[in-house]
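Let me begin by presenting the structure, written as structure tokens, before commenting on it.
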Amino acid sequence: MCGELRLSDAGRKAVLMGWVGRRRDLGSIIFVDLRDRSGITQVVFNREKNPAVHQKAEQLRNEYVIAVIGTVKQRDPETINKNIPSGEVELAVDELRILNVSKQPPFLPGDAGLANEETRLKYRYLDLRREVMQFNIEMRHKVAKAIRDYLSSQGFFEIETPFMTRSTPEGARDYLVPSRVQPGSFYALPQSPQLFKQILMISGFDKYFQIVRCFRDEDLRADRQPEFTQIDLEMSYPQPERVWEVVEGFLSAAFKAGGVEINPPFLRITYDQAILQYGNDKPDMRLPAMVDVRAALTPEELNELATKFRIHKELPIQLIRIPKAGDISGTERRTIGTYGAYQHVQGPSFVQLMTDPKRFAKDYPAISEKILSFAKIEPDDLWLLAGAIDKPESQAAREQSVQHFCEKCGFLRLDLAQKYAAKHGAFQKRDFRFLWVTDFPMFEWDKTEKRWNPAHHPFTSLHEEDMAKLEANIDSVNDPQSPLGEIRALAYDVVLNGTELGSGSIRIHRQDIQRKIFQALGMSEEEARARFGFFLEALEYGTPPHGGIALGLDRIVMILAGAESLREVIPFPKTARAVDLMVDAPTPVSAAQLKELGIQLKS
RNA sequence: GGGGACGUAGUUCAGUUGGUUAGAACGCUGCCCUGUCACGGCAGAGGCCGCGGGUUCGAGUCCCGUCGUCCCCGCCA
């Protein structure tokens, strides 16, 4: 292929086929960079040696597809191109065939600058000819293959599950597919194969995996597409640790395929720790944790601060540290608190920032010194303190606000880290910090619907020790103060550099417990039967304990490829408004099609 | 649903306080060139300034609306 000729091939005849990249016409001699997915080789048309072929070569233009036959020649030492792997040789062409011509493309695959994304997506086939995209798509293939090979070697079967199915228990909106044969009824595209993989456990395929497309009709982000690919797996009889081990194994294989060695086991922290130390359930471990500085202070000092700044002593006083941010101007120091943090976490602002560290150090030299040594602050670090504004609240509301407050601090930590990224240099793309976040809460409070909802999905097991709490509060689905919020699930996330790669849990395999969960969620027997009847019935026929996880393949490849968006690693992605600009989808359909489906549109 | 950025030649961009003929680079076309590799030189073509309205003697520039792309919040376990 075009990128593969080397010095050792010199003297051999070769046939190359590919696209015309750059063309350098010097009159009697024409150089063409011939390109395919393997790279480029310089081919030479020489009027003196072959006038007919040279004349034909004058017609060549960008992106023409050609075949050339010729002799591989060693280049003279002074004409070697060190920038390309095939640079020591070139092909002296004896025969040229123009296999196809090309219109002038809106942009060239070899262009130094990038066309805007709208153009790239419309002409995706041209965009995909670019070296980076070829690299990313190849990387994706290698990663997927490594994962398949690894899981196969561990005894997992890859088993397919339906795309046309019914609504699954995840919380996102479904994509619906109308049925012609059953007018008025709809399939749902799976948000994940959750129930099918659990059924497979019940069926005795005790190690399952699938690299599978999932569909969620929610708003897009740089790291969210409406259809995305999951590495979905499930196994029978596992402790969470066993699932983690499998994931660490296939991620090692995947990253190795991407040229990166990683070292399991990954760090593990609980959800509560993550919130306290990072204000985030998917912390980026390349940045330092926040430090609750209360432990460094005497009660008197704590009182002094609490009074002076009107902050809670019972809530953390978080020190946020941005390493090496160095000296910043007074204006900058004073305006730090106005960054995005306030829009991130809804609700009344109750974060009191001691935003001007210099001033703080001046006003409270003793306290400041204690705190700085306690949090191991270096001289050129930027730091600031944040406390929760003291407002009279009930104890329960205060509990809630620990999380709320820490999340707000966490956003501020990230905003600042982003702002000073150039200074601290912590966001190294090749610095891979994996992390397990464990013991997620079982339920979370839904403010809109004023009820507790499953934080993961309703088939997630809970910690055995928390069973009593469940039973004691089984009828409190509408009570925001209910201890339901304290129940921990056997649910875990795997996180890499601030991105959630995947999420999983040990499932409920006992019907009695499943019934309690539905009850706690305020779901009647009939309701549960209507939604998940087939599954509940299956649970009754000897269900083994089981659990699993699903990881986003696109996100893994994105991070490995150093890309900023999923669109760089998905061949045919959609825009932020879920449109495919190349094929122009979605589109209206004909009246006849709608009629056949028994669907009428509101005008 | 909300906030922000952007939209000018095929492409990437510049365009001052509103001022008469809208520029550059790359790409494209033609000619010249035997060692280029981001080849070079000369000449040339190429514009619904996203779209619609308004203000004004005059709008790429100001205002309103609209469409599109991107980022974020909400949302997405």
Side-chain angles (χ1 to χ4, degrees), chain A residues 21-34 40-49 54 58 61-63 73 75-84 86-87 90 92 103-108 110-123 126 168-174 191-192 194 214-226 228 271 281 339-346 411 414-415 418 440-444 446-448 453-460 489 491-493 500 502-505 549-550 552 564-565 567 574-577 579 581:
Chain A
R22 290 196 174 277
R23 176 174 44 99
R24 294 171 293 278
D25 184 347
L26 276 64
S28 304
I29 189 164
I30 298 171
F31 300 99
V32 165
D33 290 338
L34 194 64
I40 60 173
T41 286
Q42 173 165 280
V43 301
V44 187
F45 303 92
N46 195 317
R47 186 189 283 156
E48 212 165 75
K49 301 206 169 113
H54 176 274
E58 285 177 339
R61 293 295 180 267
N62 284 321
E63 299 307 301
K73 285 180 53 184
R75 296 205 201 178
D76 293 336
E78 65 273 18
T79 64
I80 286 173
N81 183 351
K82 295 180 294 289
N83 300 322
I84 54 172
S86 68
E90 62 195 10
K103 295 208 296 187
Q104 182 193 340
F107 58 92
L108 294 173
D111 278 349
L114 220 46
N116 79 38
E117 202 154 357
E118 212 172 332
T119 315
R120 289 177 57 202
L121 288 172
K122 179 165 181 200
Y123 300 95
L126 297 178
T168 36
E170 281 78 11
R173 296 184 188 88
D174 287 318
Q191 296 176 29
S192 81
Q194 184 58 39
C214 301
F215 307 86
R216 292 176 192 178
D217 186 4
E218 294 295 341
D219 289 348
L220 287 77
R221 287 283 192 287
D223 62 353
R224 272 164 30 190
Q225 282 274 312
F228 58 99
Y271 173 86
D281 65 359
Y339 295 149
Y342 286 94
Q343 72 164 3
H344 289 308
V345 180
Q346 268 192 338
F411 273 117
L414 283 179
D415 282 341
Q418 217 95 62
F440 271 76
M442 189 80 177
F443 305 102
E444 62 189 8
D446 185 325
K447 287 189 295 269
T448 330
N453 271 334
H456 190 58
H457 56 59
F459 308 111
T460 306
Y492 34 81
D493 277 7
E500 178 198 319
S503 197
S505 65
I549 193 165
E564 299 292 340
S565 147
R567 297 183 300 278
K574 290 174 178 58
T575 69
R577 284 178 60 255
V579 168
L581 291 176

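Since the structure is predicted, the reported quantities are computational estimates derived from the model, not experimental observations.
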message: Between C1' on B/rC75 and CZ on A/R224, what's the gap in Å once rounded to a whole number?
response: 7 Å
Between C1' of B/rC76 and CG of A/D446, the distance in whole Å: 13 Å
Those residues that, when tested against A/E218, pass side chain to side chain donor-acceptor pair (under 3.5 Å) (two or more places apart): A/R173
statement: By side chain to side chain donor-acceptor pair (under 3.5 Å), A/S28 pairs with (sequence neighbours left out) A/R47
message: Check the phosphate of B/rC70 against A/R221, side-chain N and O only, distance under 4.0 Å to OP1 or OP2. Yes or no?
response: no
field: Separation of B/rC37 P from A/R75 CZ (nearest whole Å)
entry: 11 Å
message: Please give me the minimum heavy-atom distance between A/R23 and A/V32, naming the atom from each residue.
response: CG-CG2, 4.2 Å
statement: Between A/A112 and A/G171, the residue closer to the 5' end of RNA chain B by nearest nucleotide is A/A112
- request: Would you mind pulling out the nucleotide paired to B/rU66, Watson-Crick or G-U wobble, both distances under 3.5 Å?
  value: B/rG50
Mate of B/rG60 where both pairing distances stay under 3.5 Å, Watson-Crick or G-U: none
message: Counting only side-chain heavy atoms from C-beta out, which of B/rC70, B/rG35, B/rA77 sits nearest to A/L121?
response: B/rC70
Residues forming a ring-ring contact (aromatic ring centres under 6.0 Å, His included) with A/F215, sequence neighbours excluded: A/F163
query: Quick one: which of B/rC39, B/rU34, B/rU69 gets closest to the side chain of A/T575?
result: B/rU69
field: C1' spacing across the pair B/rC13 / B/rC6, given as an integer number of angstrom
entry: 13 Å
message: If I take atom CZ in residue A/F45 and atom P in nucleotide B/rU36, what distance separates them, rounded to the nearest angstrom?
response: 18 Å
- request: Please report the closest heavy-atom contact between A/A115 and A/T119, naming both atoms and the distance.
  value: CB-CB, 4.3 Å
field: B/rC67 versus B/rU29 - spacing of their P atoms, nearest Å
entry: 39 Å
Proximity to the side chain of A/Q42 - top-ranked nucleotide from B/rA77, B/rG27, B/rG35: B/rG35
- prompt: Rounding to a whole Å, what distance do you find between A/K574:NZ and B/rG68:P?
  reply: 17 Å
query: With a 3.5 Å cut-off and just heavy-atom distances, do the side chain of A/R216 and the base of B/rC76 make a donor-acceptor pair?
result: no
message: Suppose you measure atom C1' in B/rC49 against the same atom in B/rG7; what distance do you get, rounded to whole Å?
response: 10 Å
message: If you only use heavy atoms from C-beta on, which nucleotide in B/rU36, B/rA38, B/rG74 is closest to the side chain of A/R24?
response: B/rU36
- prompt: A/Q191 side chain N/O closer than 4.0 Å to the phosphate oxygens (OP1, OP2) of B/rA77?
  reply: yes
message: In whole Å, I'd like the distance from the CD1 atom of A/I30 to the P atom of B/rC33.
response: 12 Å
task: Could you check how far CG of A/D219 sits from P of B/rC72, rounded to whole Å?
output: 12 Å
Nearest heavy atoms of A/Q191 and A/G171, plus distance in Å: OE1-N, 3.9 Å
query: From B/rA77, B/rG27, B/rU69, pick the nucleotide closest to the side chain of A/E118?
result: B/rU69
- request: Quickly work out the A/R120 CZ to B/rU11 C1' distance and round it to whole Å.
  value: 13 Å
task: Please determine if a side-chain N or O atom of A/T79 lies less than 4.0 Å away from the OP1 or OP2 oxygen of B/rG35.
output: no
query: Counting only side-chain N and O atoms of A/R577, is one of them less than 4.0 Å from OP1 or OP2 of B/rG68?
result: yes
query: Who pairs with A/D223 by salt bridge (charged side-chain N to carboxylate O under 4.0 Å, His left out), at least two apart in sequence or on another chain?
result: A/R555
- prompt: Across all strands shown, which nucleotide pairs with B/rG40 by Watson-Crick or G-U wobble geometry, both distances under 3.5 Å?
  reply: B/rC32
- request: Determine the interatomic distance between P on B/rA9 and the same-named atom on B/rG60; round to the nearest Å.
  value: 14 Å
statement: The ring-ring contact (aromatic ring centres under 6.0 Å, His included) partners of A/F443 (sequence neighbours excluded) come to none
query: Which part of the nucleic acid does A/A576 contact within heavy-atom distance under 4.0 Å: base, sugar-phosphate only, or nothing?
result: sugar-phosphate
Inter-nucleotide C1' distance (B/rG1, B/rG15), Å rounded: 37 Å
message: Any donor-acceptor pair, under 3.5 Å, between the side chain of A/R567 and the base of B/rC70, if you only look at N and O atoms?
response: no
message: Tell me every residue that passes ring-ring contact (aromatic ring centres under 6.0 Å, His included) with A/Y492, counting only those two or more places apart in sequence or in another chain.
response: A/W244
Inter-nucleotide C1' distance (B/rA25, B/rG18), Å rounded: 28 Å
- line: In B/S/- notation (B base, S sugar-phosphate only, - none; protein heavy atoms under 4.0 Å), nucleotides 4-10 of chain B written 5' to 3' is ------S
- line: Across all chains, not counting sequence neighbours, the ring-ring contact (aromatic ring centres under 6.0 Å, His included) partners of A/F31 are none
- prompt: Across the strands shown, which category fits A/E78 at heavy-atom distances under 4.0 angstrom: base, sugar-phosphate, nothing?
  reply: nothing
message: Quick check: any donor-acceptor pair below 3.5 Å linking the side-chain of A/E90 to the base of B/rG35?
response: yes
Please produce a list of atom pairs where a protein N or O lies less than 3.5 Å from an N or O of nucleotides 30-32 of chain B.
residue, atom, partner, partner atom, Å
B/rG30, OP2, A/R61, NH2, 3.2

statement: Scanning all shown strands, the Watson-Crick or wobble mate of B/rG10 with both distances under 3.5 Å is B/rC26
- request: For B/rU61 versus B/rG2, give the span between their P atoms, rounded off to a whole number of Å.
  value: 26 Å
- prompt: Residues in salt bridge (charged side-chain N to carboxylate O under 4.0 Å, His left out) with A/E564, at least two apart?
  reply: A/K429
Atom pairs under 3.5 Å: protein N/O with N/O of nucleotides 12-15 of chain B:
residue, atom, partner, partner atom, Å
B/rU12, OP1, A/N116, N, 2.6
B/rU12, OP1, A/N116, ND2, 3.2

Partners passing salt bridge (charged side-chain N to carboxylate O under 4.0 Å, His left out) against A/R75 (at least two apart in sequence or in another chain): A/E90
Heavy-atom closest pair, residues A/N62 and A/G21: OD1-O, 3.3 Å
Which residue lies more 5' along RNA chain B, comparing A/L581 with A/R173 via nearest heavy atoms: A/L581
query: Is the closest side-chain heavy-atom distance between A/S505 and A/H457 below 4.5 Å?
result: yes
message: Please report the distance separating the C1' of B/rU55 from the corresponding atom of B/rC62, rounded so that it comes out in whole Å.
response: 8 Å
- request: Taking atom types as modelled, find out whether A/T79 and A/D76 have a side-chain donor-acceptor pair closer than 3.5 angstrom.
  value: no
message: Strictly below 4.0 Å, N to O, side chains only: are A/D33 and A/R24 in salt-bridge contact?
response: yes
query: With a 4.0 Å cut-off on heavy atoms, is A/D111 in touch with a base, just the backbone sugar-phosphate, or nothing at all?
result: nothing
statement: Closest of B/rA38, B/rC70, B/rU29 to the A/R23 side chain is B/rU29
